[in-house]
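The block underneath contains the structure these notes are about, expressed in structure tokens.
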Amino acid sequence: MSSTLLSDPFGRDINYLRLSVTDRCNLRCTYCMAEDMTFLPKQQILSLEELRDMATAFVNLGVRKIRLTGGEPLIRRDILKLVDALASLSGLDELTMTTNGVMLPSMAQPLKDAGMSRVNISIDSLKPERFKQLTRVGNLSEVVAGIHAAAAVGFDRVKLNAVILAGFNDDEVLDLARFAVDQGMDISFIEEMPLGEISSHQRVNTQVTSQHIREQLEAEFSLVDSTETTGGPSRYVQVANSASKIGFISPMSNNFCESCNRVRLTAEGRLLLCLGNEHSADLREIIRGYPGDIARLQAAILKAIESKPERHYFDPEQVDIVRFMNMTGG
Ligand code: SAM
Ligand code: SF4
């Protein structure tokens, strides 16, 4: 029996929400953002109370896992208050976050204390110069310090995320995997998606398939297929004789939409039903029109789920989706 009331027309149960808390970021990754980004005015972003009410409505409907994301979630000033409020929602099994790690040296312990279960940290290169180039402004040593801080405070699990781009960092697949395995962490390799118009490169030239990444890894590691899945376009393998798992997130080369269990809420309160489609519902209008009316929000969410698309059709040669990943909430 399903424990969620959120079931879409294709029989998929939705129990996972990715909640974006800001579109802003302290980095400018080339594949994620244009160099000159215009961010949303503050009043368009959901307030702390609005975010809490949104999360409450989803959890009441059966969502069991929430991942906070952005933009960079740790630059939101009241993030710890939000984590504290969401961690105490009855019915929520897991509260996680995806972060670029820059602020983790000071934030890892307060996050853990506020009730965060796990964190994913993005790191696309272990070479300082290249890291700076990929993030435009980033300092690799800050992220590495953030990874160590996360390990030290004892989150359930620390997972690393790396987007692999041909000609930029596809020669670092083994180094990144070794880095994760040496620390007993998991790592996921992500295929770049054509979200938003960028100027740094032509996405069609930088595609690397998960299969290609796996072949590189198999030259050094023995990979054992795992049945673990988080729903959606990711598959995991266990690295033999280690504590680490490697994930392959393959939105481009593989279509695992039939097992999709998630929806996303943008920082301005737009419910995105699929990463690769524009279908969305404006929940901010409801929460601002009827503050605190959780039942009305729930009704709107139930209605929106009826139009969750069956699957995405990404094409790296075309920017079908005009929103950037920092708007979408990765
Ligand atoms: N700022 C945080 C971070 O970087 O981890 C959270 C938000 S970020 C949008 C979430 C994830 O999306 C990151 O792992 C990032 O590398 C990934 N991402 C961003 N743009 C992407 C794209 N066009 N295709 C695939 N992954 C992307
Ligand atoms: Fe910022 Fe994350 Fe996008 Fe990089 S991937 S620019 S860290 S939101």
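Ligands are counted one by one from 1 in listed order, and the atoms in each one are counted from 1 as well. This chain uses plain numbering: 1 for the first residue, then up along the sequence. All values reported here derive from a predicted model rather than from experimental measurement.
Heavy-atom proximity to Glu192, at under 4.0 Å, picks out these atoms of ligand 1: 24 (N), 25 (C). Residue Arg203 has at least one heavy-atom neighbour below 4.0 Å for each of these atoms of ligand 1: 23 (N). In summary, the atoms of ligand 1 found under 4.0 Å from a heavy atom of Asn100, numbered by their order in the structure, are 2 (C), 3 (C), 5 (O). The ligand atoms of ligand 2 that sit less than 4.0 angstrom from a heavy atom of Asn100 are 7 (S). Shown in contact with Thr99 at under 4.0 Å from a heavy atom are these atoms of ligand 1, numbered in order with element: 2 (C), 3 (C), 5 (O). Remark: ligand 1 atoms within the under-4.0 Å shell around heavy atoms of Glu191 are 25 (C). Near Asn161, the atoms of ligand 1 lying under 4.0 angstrom from a non-hydrogen atom of the residue are 14 (O). Taking every non-hydrogen atom of Cys32 and a distance limit under 4.0 Å, the qualifying atoms of ligand 1 come out as 19 (C), 20 (N). Of all the atoms in ligand 1, the ones that sit under 4.0 Å from a non-hydrogen atom of Thr69 are 6 (C), 7 (C).
Residue Glu258 places its CD atom among more than 12 non-hydrogen atoms of other residues, nucleotides or ligands, all under 6.0 Å distant.
For ligand 1, none of its N or O atoms has an N or O atom of Thr98 under 3.5 Å away. Where the criterion is an N or O separation shorter than 3.5 Å, residue side chain and backbone included, Ser122 meets it with respect to ligand 1. Polar contact check, Gly70 against ligand 1: no nitrogen or oxygen pair lies under 3.5 Å apart. The shortest N/O to N/O separation between Tyr31 and ligand 1 falls below 3.5 Å. Where the criterion is an N or O separation shorter than 3.5 Å, residue side chain and backbone included, Pro73 fails it with respect to ligand 1. The shortest N/O to N/O separation between Asp124 and ligand 1 does not fall below 3.5 Å.
Applying the side-chain contact (heavy atoms from CB on, under 4.5 Å) test between Leu165 and each of Gln207, His201, Arg203 identifies His201 as the sole match.
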(request) Please test Asn26 against Glu72 for side chain to side chain donor-acceptor pair (under 3.5 Å), starting from the C-alpha separation and ending with a verdict. (result) CA-CA 7 Å; Asn26 45 1; Glu72 174 48 38; 5.7 Å; no
(request) Please report the C-alpha distance between Arg284 and Glu50 in whole Å, then the side-chain angles of each, then the deciding distance to 0.1 Å, and finally whether the salt bridge (Lys or Arg N to Asp or Glu O under 4.0 Å) criterion is met. (result) CA-CA 8 Å; Arg284 186 183 64 192; Glu50 289 168 342; over 6 Å; no
(request) Decide yes or no on side-chain contact (heavy atoms from CB on, under 4.5 Å) for Phe168 and Thr30, but give the supporting numbers first. (result) CA-CA 11 Å; Phe168 284 90; Thr30 54; 5.5 Å; no
(message) side chain to side chain donor-acceptor pair (under 3.5 Å), that's the test. Do Lys159 and Ser188 meet it? Break it down for me.
(response) CA-CA 7 Å; Lys159 194 179 91 181; Ser188 282; 3.3 Å; yes
(request) Show your working on side chain to side chain donor-acceptor pair (under 3.5 Å) between Glu129 and Gln133 and close with a plain yes or no. (result) CA-CA 6 Å; Glu129 280 305 308; Gln133 207 188 343; over 6 Å; no
(request) Please step through side chain to side chain donor-acceptor pair (under 3.5 Å) for the pair Ser250 and Arg235, ending with a clear verdict. (result) CA-CA 8 Å; Ser250 326; Arg235 290 296 175 269; over 6 Å; no
(message) Under the criterion salt bridge (Lys or Arg N to Asp or Glu O under 4.0 Å), I'd like the reasoning laid out for Asp84 against Lys81: C-alpha separation, chi angles, the key distance, then a yes or no.
(response) CA-CA 5 Å; Asp84 190 56; Lys81 280 193 197 148; over 6 Å; no
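Ligand 1 is never approached by Pro194 to a heavy-atom distance shorter than 4.0 Å. Residue contact annotation: Ser122 has no non-hydrogen atom under 4.0 Å from ligand 2.
Using a 4.0 Å cut-off between a side-chain N of Lys or Arg and a carboxylate O of Asp or Glu, Asp171 and Lys127 do not qualify as a salt bridge. Under 4.0 Å is where a charged nitrogen must lie from a carboxylate oxygen, and between Arg214 and Asp225 at least one such pair does.
For atom 4 (Fe) of ligand 2, the closest non-hydrogen atom on the protein side is Cys29 SG, 2.3 Å. At the top of the distance list for atom 3 (Fe) of ligand 2, counting protein heavy atoms only, stands Cys32 SG, 2.4 Å.
Under 2.8 Å from atom 1 (Fe) of ligand 2 lies an N/O/S atom of Cys25, whether from backbone or side chain.
Between Asp124 and Val163, the closest heavy-atom pair is OD1-N, 3.0 Å.
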